[in-house]
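Just below is one structure, and these are the notes that go with it.
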Amino acid sequence: MREKIAADLKTAMKAGERAKVDALRLINAALKDKDIEARGAGKTLSGDDELALLQKMIKSRQESLEIYEKAGREDLAGKERGEIAVISAYLPQQLSEAEVAEAVKSAIAETGAASIKDMGKVVASLKAKYTGRMDFGKASAAVKAALSG
């Protein structure tokens with residue numbers, strides 16, 4: 001993934017796509033920060049860690065987007081939308097709501113979860129299989145609904 005980001009950065013710079021260059025540099029900076037943090041802990045960054053970081057970046061931008069839209073700052077909202085689009089291009093295809101519901105059902109069955117106390121096991125199972133492919137905030141809500149009702 002990093003090679004693709006580096007190649008896309010060079011292409012965007014040559015094409016003069018300023019917004020894309022800025023977004024790709026943000027991704028590179030975040031990945032380098034995470035590398036340094038992991039190295040300090042004596043670990044290396046896995047592919048799942050990179051995908052989780054990209055998801056976190058998108059979530060942050062979506063929150064900012066909502067704030068800018070409420071404040072009527074369309075210029076800043078447009079910038080956030082552009083960054084979300086660039087970052088999303090490096091994530092695998094997201095699961096649909098029906099696929100998320102099916103994944104939750106199978107994770108509950110696999111872990112043998114019976115009550116809300118088992119929610120952590122189910123979410124951990126989902127994260128192991130679907131990192132980068134689903135919004136775990138929404139997935140957690142689906143797991144909670146399935147286990148409580």
Asp22 vs Arg18, salt bridge (Lys or Arg N to Asp or Glu O under 4.0 Å): CA-CA, chis, key distance, verdict: CA-CA 6 Å; Asp22 290 345; Arg18 187 78 186 136; 3.7 Å; yes

Ion pair Arg81/Glu74, N-O distance below 4.0 Å: yes

Co-members of the apolar cluster containing Leu76 [side chain, <4.5 Å]: Tyr68

Lys70 vs Ile67, side chain to side chain contact (heavy atoms under 4.5 Å, CB included): CA-CA, chis, key distance, verdict: CA-CA 5 Å; Lys70 286 179 184 173; Ile67 293 168; 5.9 Å; no

Pairing of Asp35 and Arg39 as salt bridge, 4.0 angstrom limit: no

Heavy-atom check, side chain of Lys144 versus side chain of Met119, under 4.5 Å: yes

Lys4 to Tyr90 - nearest heavy-atom pair and separation: CG-CE2, 3.9 Å

Ignoring hydrogens and angles, write down the donor-acceptor pairs under 3.5 Å from the side chains of residues 94-116, residues two or more places apart or on other chains.
| unit_1 | atom_1 | unit_2 | atom_2 | d |
| --- | --- | --- | --- | --- |
| Gln94 | NE2 | Pro92 | O | 3.4 |
| Gln94 | NE2 | Gly132 | O | 2.7 |
| Ser96 | OG | Glu99 | N | 3.2 |
| Ser96 | OG | Glu99 | OE1 | 3.3 |
| Glu99 | OE1 | Ser96 | N | 2.8 |
| Ser106 | OG | Glu102 | O | 3.4 |
| Ser106 | OG | Ala103 | O | 3.0 |
| Glu110 | OE1 | Lys129 | NZ | 2.5 |
| Glu110 | OE2 | Lys129 | NZ | 2.6 |
| Thr111 | OG1 | Ala107 | O | 2.9 |
| Thr111 | OG1 | Ile108 | O | 3.4 |
| Ser115 | OG | Lys117 | N | 3.3 |

Lys10/Asp8 ion pair, N-O < 4.0 Å: no

Smallest separation among heavy atoms of Arg61 and Ile87, with atom names: CD-CD1, 3.7 Å

Atom of Leu24, atom of Ala12 and distance for their closest heavy-atom approach: CD1-CB, 4.5 Å

Nearest-0.5 Å distance, CD1 of residue Ile27 to NZ of residue Lys32: 13.0 Å

Value rounded to 0.5 Å, distance of CG in Leu26 from OG in Ser60: 10.0 Å

Non-hydrogen atoms of Ala77 and Leu65 that approach each other most closely: O-CD1, 3.3 Å

Verdict with supporting geometry, Asp75 and Lys79, side chain to side chain contact (heavy atoms under 4.5 Å, CB included): CA-CA 7 Å; Asp75 55 330; Lys79 182 177 184 253; over 6 Å; no

Using atom types as modelled, flag every donor-acceptor pair under 3.5 Å from a side chain in residues 50-59 to any protein atom, sequence neighbours excluded.
| unit_1 | atom_1 | unit_2 | atom_2 | d |
| --- | --- | --- | --- | --- |
| Glu50 | OE2 | Arg2 | NE | 2.8 |
| Glu50 | OE2 | Arg2 | NH2 | 3.1 |
| Gln55 | NE2 | Met134 | O | 2.7 |

Arg25 and Val21: CA distance, side-chain angles, deciding distance, side chain to side chain contact (heavy atoms under 4.5 Å, CB included) verdict: CA-CA 6 Å; Arg25 283 183 174 159; Val21 168; 3.7 Å; yes

Leu31 CG to Ile36 CD1 distance, which is reported to the nearest 0.5 Å: 11.0 Å

Same apolar cluster: Ile84 and Leu9, side chain cutoff 4.5 Å: yes

